[in-house]
Amino acid sequence: MYRRPSPDKLPAGARPDFFYKDVHMAAPAQIIAALLQPVFAELAEGADPMLRPSSRSGFDFQVNGSIALAKKLGRRPDEVATLVSSGVALKEVCESIEVTPQGFVNLRLDDAFLAACVSELAGDSRLGVEIAATPLTVVVDYSAPNVAKEMHAGHLRTTVIGDSLCRLLEHFGHRVIRENHVGDWGTQFGMLIEYLLDVGETEGAHELSVGDLDGFYRQARAAFDASPEVQERARRRVVALQSGDAETLRLWGVLVEESVGYFEEVYAKLGIGLTRDDIVGESFYNPMLGDVVAELDAKGLLVESDGAKCVFVDGWTTREGDPLPLIVQKSDGGYGYATTDLATLWDRFGRIGADLAVYVVGAPQAQHLAMCFAVAAKAGWLPSPEQAVHVAFGSVLGADRKMFKSRAGATFKLVDLLDEAVQRAGEAVSARSLELNDSERASVARMVGIGAVKYADLSTDRLRDYVFDLDRMVSFDGNTGPYLQYARVRCLSIFRKAGLDPADYLGGGVPIQVGHPAERDLAVALTGFPAAASAALESWSPHKLCAYIYELAGFYTTFFENCPVLKAPNEESKNSRLALCALSATVIGQGLSLLGIESPERM
RNA sequence: GCCCUCGUAGCUCAGGGGAUAGAGCACCGGCCUCCGGAGCCGGUGGCGGAGGUUCGAAUCCUCCCGGGGGCACCA
């Protein structure tokens with residue numbers, strides 16, 4: 001076994017954020033970086049080896065930092081490159097070390113060392129991902145549909161991204177508190193309750209329970225807009241709701257209950273772990289709003305402006321160039337969503353004692369949230385600014401690159417999109433998988449269809465707007481969910497054909513060989529899993545994990561094409577290749593799982 | 001008007017200080033009696049523009065152009 005640097009030798013301060021670098025020592029890149037780091041640090045304060053994967057054929061990694069270091073020292077780059085690469089035990093883990101005239105150091109891993117790393121990975125059920133040294137309590141705010149309003153494609157993004165981030169956080173050992181900030185309070189409930197009464201409680205509840213939320217809302221809105229009398233009733237109803245009138249609260253509860261039941265159906269369809277226990281809606285914070293405002297007042301932060309109670313924060317202006325306030329209490333005495341969002345910070349840091357509060361909310365809310373964070377910081381509720389995170393995401397667009405809507409201008413219901421994806425996946429699966437029975441086929445279709453939609457959403461940089469294209473999502477070619485699920489199935493099918501159990505090859509007891517270039521590339525790729533998962537979490541970007549899995553699947557395909565497994569030249573090679581297949585399936589499956597995507601065993 | 005964000009191949013997207021900018025789809029040309037052909041190999045084709053910083057810029061800075069969003073009592 002190779003002697004490894006102890007974890008406390010890892011570069012301190014490499015991660016100034018809250019996720020201390022917990023990368024397993026089975027990762028060759030981390031081992032080499034740890035070997036080089038002290039050498040660089042000795043030559044110049046804070047010098048970084050800048051170890052990166054190499055795209056040059058025959059090499060696995062390259063050291064870029066030697067050039068910058070040479071500049072700093074005023075010496076020739078190739079000289080410094082030679083210096084940093086000769087003094088350390090790189091030879092122990094690299095079979096080839098090349099210094100280029102420009103000052104790069106190219107490294108090729110020693111086969112035995114690489115094989116040892118992969119064996120260790122195969123023997124580790126966590127695949128090299130270590131539990132965080134300091135587990136954090138993280139509140140993740142995501143999904144947040146509105147009562148009596150349909151869930152559409154926009155909710156898909158926050159829900160799917162938030163779910164994946166929760167899974168990643170938990171996998172790294174952090175304590176995650178999911179908060180589904182449902183829109184279940186506010187002035188619109190006067191209108192909704194009055195409509196519920198007009199249409200009849202039973203009928204209204206029925207409409208909601210069968211999922212016709214948009215129909216309910218639209219008609220309520222239409223009735224409200226059309227009649228001053230309804231508007232007056234709605235206004236009085238809001239007052240009754242705010243003052244805790246029992247009957248009004250009961251009616252409100254009917255709306256909430258029917259909607260929540262519907263949300264649960266959608267989450268079940270999506271395979272999202274959110275339950276009604278995770279709902280911490282706007283109504284939950286309502287009782288706190290007075291205290292929030294009072295505390296801001298006590299701290300001298302409140303300014304009255306045009307009758308509204310405001311907090312002014314430097315850096316924002318109105319259209320006219322005047323200072324822009326965060327309005328915490330409207331001139332009519334009511335509270336807006338700014339106050340509620342302040343209350344979430346107040347509660348999450350004050351009562352829950354969160355280390356991090358994550359808001360998976362669309363990019364248009366950036367300014368609003370930044371202002372809320374700034375006010376919370378001013379009020380002393382936010383221990384430090386970087387502990388509140390806005391994980392923003394772009395809009396969902398249609399094929400025409402406009403906001404994703406039907407020709408008639410209506411938004412698509414999320415459930416309809418999901419159903420169509422499952423149906424198309426079912427057609428694709430039926431066309432090929434003759435050995436599946438009906439119930440297996442339905443189950444696979446669900447995993448593939450839902451996985452396709454989720455993967456499409458997760459696989460692009462979340463800040464960009466993305467084009468919702470069902471055809472591309474459910475395609476088995478390209479960077480798609482179905483392709484990756486299929487890649488994993490192909491890994492596993494070898495075992496089924498041979499009557500073997502992949503688990504027998506995962507204990508780490510099967511010696512790995514990396515003789516063929518395709519075996520090597522696959523092996524190196526496999527060891528990159530912990531770093532990929534870590535990178536995805538660090539930047540709140542699941543797409544980095546997607547990119548890794550897709551790349552890994554590519555290496556597996558090349559391996560599969562070039563290296564016969566069951567017909568390997570000898571028994572040792574066959575077992576090694578079976579182990580690589582089993583490990584590939586496991587890494588792909590684990591990766592998809594962290595994205596919230598299920599993996600069928602057959603398809 | 002100010003602020004944020006995005007602009008990479010015909011299309012959908014990676015790459016966010018390192019060497020010759022990568023995939024998939026589409027298109028063109030080849031290959032394969034072989035563990036799952038939902039295959040393999042090759043080709044055409046690109047960083048919106050102009051400056052600047054740097055040994056090195058798609059990446060960082062400034063300006064311009066273009067798309068999207070936000071800019072006090074709706075959430």
Side-chain angles (χ1 to χ4, degrees), chain A residues 50 52 54-56 62-68 70-71 77 100-104 106 144 146 183 185-188 282 305-310 312 315-338 340-341 362-368 370-371 392 394-395 397 399 401-403 428 431-433 456 459-461 463-467 469 471-473 475-480 482-483 486-487 489-490 492-498 539 543-544 546-547 550-551 554 557-558 560-568 574 577-578 581 602-603:
Chain A
M50 296 204 283
R52 303 284 184 270
S54 175
S55 56
R56 328 239 355 138
Q62 64 184 56
V63 179
N64 298 335
S66 40
I67 303 173
K71 183 75 183 173
T100 74
Q102 306 102 303
F104 293 104
N106 293 321
N146 292 305
W185 200 255
T187 50
Q188 75 277 19
E282 291 173 358
S305 173
D306 291 343
K309 291 179 177 162
C310 305
F312 285 89
W316 286 284
T317 57
T318 67
R319 219 180 298 266
E320 287 72 38
D322 301 323
L324 177 68
L326 194 68
I327 294 176
V328 296
Q329 191 163 17
K330 298 187 283 186
S331 52
D332 66 1
Y335 301 109
Y337 77 142
T340 309
D341 283 334
Q365 300 290 333
Q367 175 175 311
H368 163 74
M371 290 181 76
S395 309
L397 307 178
R401 301 231 48 147
K402 299 255 172 64
M403 291 299 283
R432 291 283 170 173
S433 306
S459 60
T460 67
D461 185 334
L463 268 176
R464 287 175 62 128
D465 294 344
Y466 97 102
V467 176
D469 181 347
D471 288 329
R472 195 156 34 76
M473 290 176 189
S475 165
F476 284 77
D477 297 308
N479 189 5
T480 69
Y483 171 78
Y486 173 65
V489 164
R490 281 213 309 187
L492 294 175
S493 73
I494 291 179
F495 292 91
R496 193 161 39 247
K497 181 179 183 87
S539 57
H543 86 276
K544 293 186 177 177
C546 295
Y550 180 61
E551 198 174 60
T557 300
T558 304
F560 182 78
E561 292 294 329
N562 292 285
C563 304
V565 177
L566 298 179
K567 295 171 189 165
K574 176 180 164 186
R577 287 174 181 179
L578 280 166
C581 290
R602 298 196 292 170
M603 60 192 284

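Reckoned from all heavy atoms, side chains included, excluding hydrogens, waters and symmetry mates.
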Please classify the nucleic acid contact of [X] as base, sugar-phosphate, or nothing, using heavy-atom distances under 4.0 Å.
{"X": "A:S331", "value": "base"}
{"X": "A:M403", "value": "nothing"}
{"X": "A:R490", "value": "sugar-phosphate"}
{"X": "A:A68", "value": "base"}
{"X": "A:E282", "value": "sugar-phosphate"}
{"X": "A:A308", "value": "base"}
{"X": "A:I67", "value": "base"}
{"X": "A:T460", "value": "sugar-phosphate"}
{"X": "A:V565", "value": "base"}
{"X": "A:Y335", "value": "sugar-phosphate"}
{"X": "A:G186", "value": "nothing"}
{"X": "A:N64", "value": "base"}
{"X": "A:C563", "value": "base"}
{"X": "A:P564", "value": "base"}

Q: Please indicate yes or no: is the ring centre of A:F104 less than 5.5 Å from the centre of the six-membered base ring of B:A19, with the two planes inclined by under 30 degrees?
A: yes
When both hydrogen-bonding distances must be under 3.5 Å and the geometry is Watson-Crick or G-U wobble, what is [N] paired with, if anything?
{"N": "B:G22", "value": "B:C13"}
{"N": "B:C31", "value": "B:G39"}
{"N": "B:G56", "value": "none"}

Counting distance alone, no hydrogens or angles: does the base of [N] have a donor or acceptor under 3.5 Å from a partner atom on the side chain of [X]?
{"X": "A:S305", "N": "B:A72", "answer": "yes"}
{"X": "A:N106", "N": "B:A19", "answer": "yes"}
{"X": "A:E551", "N": "B:A14", "answer": "no"}

May I ask you to verify if any side-chain N or O of [X] is less than 4.0 angstrom from the OP1 or OP2 atom of [N]?
{"X": "A:R464", "N": "B:C13", "answer": "yes"}
{"X": "A:S395", "N": "B:G68", "answer": "no"}
{"X": "A:K71", "N": "B:C55", "answer": "yes"}
{"X": "A:H368", "N": "B:A72", "answer": "no"}

Measure the distance from [atom1] on [X] to [atom2] on [N] and round it to the nearest whole Å.
{"X": "A:R56", "N": "B:G22", "atom1": "CZ", "atom2": "P", "answer": "11 Å"}
{"X": "A:M473", "N": "B:G24", "atom1": "CE", "atom2": "C1'", "answer": "15 Å"}
{"X": "A:F495", "N": "B:G36", "atom1": "CZ", "atom2": "P", "answer": "13 Å"}

(Q) By nearest atom, which of the nucleotides B:C25, B:A72, B:G70 is closest to the A:D477 side chain? (A) B:C25
Q) Where the side chain of A:Y337 is defined as all heavy atoms beyond and including C-beta, which of B:A75, B:G36, B:C2 is the nearest nucleotide? A) B:A75
**Q.** Close side-chain approach of A:L566 to A:K574, heavy-atom, < 4.5 Å
**A.** yes
Q) Under 30°, 30 to 60°, or over 60°: which ring-plane class applies to A:Y483 and A:Y550, parallel, tilted or perpendicular? A) perpendicular
